[in-house]
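Working notes for the structure below.
One is the number of the first residue; the rest follow in order along the sequence.
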Amino acid sequence: MVRGISDVASENGYGTLLTNSDENVMLEREALEMLLESRVAGIVVTPADVHNVKHLKAAVADGFPLVLADRMTSVKADSVLTDSVAAMHEAVAALLARGHRRVAILAELRSERDLDWHDELARRKRSGTPLSPSAARVAGYIQAHTEAGVAVDPELVRATREYSAEAATAETLELVSRPCPPTALIAADDVMSIGAYRAIVDARIRIPRDLSFVAFDDLPWLTLVKPKLSVVRQPVYEIGTRAATLLFERINGNAARPQRVLLPYEFISRGSVASV
């Protein structure tokens, strides 16, 4: 995504400054303040918290060009993303269609409101309140089960509480060692996929004979292992280029109402899913 942003910036005669919040709102605020003081022309931001966005709203209210990438918030600014709910729904529905009835999901779910997914996700869907990426993917997981008439086992919704491959490994090892383990596991992002796969290898679990596995975000290593891993692919580079293009339109004076651009996702079935 950063490469896409950088390429468009270069085409427009601009350089790119990169800051990393590490999913920490305080660091994000500090970075935003630093960038504003540095008089940058505009910012593409992936918000650390889709709810705690007062600092972003203030920048937009001051007329500063800002575009949201990968995440939807209540900030009245252009945004570019994929539909995480629909993407996860399709992947889980494919597993359920292959006969799986114990499908586990491994997601970050860092905040307390994300952890209260039983009632909170449904309430926020009704109210239109933004979902974090991991909560949105759990929402898609739940929708697929509901449509298939399969009850969700709360024990199969696993939260790492941090964006960490190590935490994902530990959570997966605990999951697969349970008396009634899942027959399929889907990871909610690339870091969860790395950690989960490491646990599967360490536990000598055979994919897909012992456990079907689906990753989220198509990284090169997913096709270098055997079997190649099924995946939900997002057009990450295009998210960057579209976000940067919208940003330069704002920099150049576009005053139209903010738009939300939804780019297509793709579920790619490879050799890591078996029928039950």
Please step through side-chain contact (heavy atoms from CB on, under 4.5 Å) for the pair Glu147 and His89, ending with a clear verdict. CA-CA 10 Å; Glu147 290 184 7; His89 176 281; 2.9 Å; yes
Between Val80 and Val45, is there a shared hydrophobic cluster once you connect ILVMFWY residues whose side-chain heavy atoms come closer than 4.5 Å? no
If you group Ile, Leu, Val, Met, Phe, Trp and Tyr by side-chain heavy-atom gaps below 4.5 Å, do Met34 and Val40 land in one group? yes
Taking the six-membered ring of Tyr237, is the NZ or CZ of Arg3 close enough (under 6.0 Å from the centre) and on axis enough (within 45°)? no
Main chain of Ala215, side chain of Ser193: is a donor-acceptor contact present, judged purely on distance under 3.5 Å? no
Answer yes if the side chains of Arg270 and Ser230 hold a donor-acceptor pair under 3.5 Å, and no otherwise. no
Note, Leu175 side chain near Glu155 side chain (heavy atom, < 4.5 Å): no
Determine whether Thr183 and Arg101 satisfy the following criterion, side-chain contact (heavy atoms from CB on, under 4.5 Å), listing intermediate values before the conclusion. CA-CA 8 Å; Thr183 61; Arg101 291 298 177 265; over 6 Å; no
hydrophobic_cluster_shared for Leu222 and Tyr265, side chain cutoff 4.5 Å: no
Between Ala48 and Ser21, what is the shortest heavy-atom contact and its length? CB-OG, 3.9 Å
Report yes or no: does Ser177 contribute a side-chain atom to a donor-acceptor pair with the main-chain N or O of Leu173 at less than 3.5 Å? yes
Does some side-chain heavy atom of Tyr197 sit less than 4.5 Å from a side-chain heavy atom of Thr169? no
side-chain contact (heavy atoms from CB on, under 4.5 Å) evaluation trace for Asp49 with Arg110: CA-CA 10 Å; Asp49 186 325; Arg110 180 179 299 192; over 6 Å; no
Is there a donor in the side chain of Asp22 and an acceptor in the side chain of Tyr163, or the other way round, less than 3.5 Å apart? no
Test log, rule side-chain hydrogen bond (donor to acceptor under 3.5 Å, both in side chains), inputs Ser74 and Lys57: CA-CA 8 Å; Ser74 58; Lys57 287 183 176 181; 3.1 Å; yes
Decide yes or no for Leu156 and Val152: does some side-chain heavy atom of the first lie under 4.5 Å from some side-chain heavy atom of the second? no
So, taking the atom named CG in Leu262 and the one named CE in Met72, what distance separates them when rounded to the nearest 0.5 Å? 8.5 Å
Thr172 side chain to Ala199 backbone, donor-acceptor under 3.5 Å: no
Give the C-alpha distance, both sets of side-chain angles, the deciding distance and a yes or no for salt bridge (charged side-chain N to carboxylate O under 4.0 Å, His left out) between Asp78 and Arg250. CA-CA 9 Å; Asp78 297 316; Arg250 294 296 177 184; 2.6 Å; yes
Would you call Glu33 and Arg29 a salt bridge, taking side-chain N to carboxylate O under 4.0 Å as the test? no
Taking the side chain as every heavy atom from C-beta outward, state whether Arg137 and Asp189 have any pair of such atoms under 4.5 Å apart. yes
Identify all side-chain donor-acceptor contacts of residues 62-71 below 3.5 Å with residues at least two apart in sequence or on another chain.
residue	atom	partner	partner atom	Å
Arg71	NH1	Glu23	OE1	2.9
Arg71	NH1	Pro47	O	2.6
Arg71	NH2	Glu23	OE2	2.8

Ile43, Leu17: one ILVMFWY side-chain cluster at the under-4.5 Å cut-off? yes
Give, for atom CG of Asp7 and atom OG1 of Thr16, the distance between the pair rounded to the nearest 0.5 Å. 8.5 Å
Are Glu249 and Asn252 packed together at the side-chain level, in the sense that at least one heavy-atom pair is separated by less than 4.5 angstrom? no
Show the nearest heavy-atom pair for residues Leu81 and Ser79, with the distance to one decimal. CD2-OG, 3.9 Å
For the side chain of Asn12 and the backbone of Tyr14, is there at least one donor-acceptor N/O pair under 3.5 Å apart? no
Take Leu211 and Ile200 through the side-chain contact (heavy atoms from CB on, under 4.5 Å) test and state the conclusion after the steps. CA-CA 9 Å; Leu211 178 72; Ile200 291 168; 3.8 Å; yes
If the threshold is 4.0 Å, N to carboxylate O, is there a salt bridge linking Arg102 and Asp153? yes
Under a single-linkage definition using a 4.5 Å side-chain heavy-atom cutoff for Ile, Leu, Val, Met, Phe, Trp and Tyr, are Val276 and Tyr141 assigned to the same hydrophobic cluster? no
If you round to the nearest 0.5 Å, how far is CG of Asp217 from CG of Leu219? 6.5 Å
Minimum heavy-atom distance between Val273 and Arg98, given as atom pair plus value: O-NH2, 3.3 Å
Heavy-atom closest pair (Ser84 atom, Pro133 atom, distance to 0.1 Å) is CB-O, 4.4 Å
Applying side-chain hydrogen bond (donor to acceptor under 3.5 Å, both in side chains), run through Gln234 and Thr82 and close with a yes or a no. CA-CA 7 Å; Gln234 299 186 97; Thr82 56; 2.4 Å; yes
Closest heavy-atom pair, Val103 versus His100, reported as atoms and distance to 0.1 Å, is CG2-CB, 3.7 Å
CD1 on Ile5 to CZ on Phe248, rounded to 0.5 Å: 10.0 Å
Within the 3.5 Å criterion, strictly below it, is a donor on Glu166 or Ser164 matched to an acceptor on the partner's side chain? yes
So which atom in Ala91 and which in Val232 form the shortest heavy-atom distance, rounded to 0.1 Å? CB-CG2, 3.7 Å
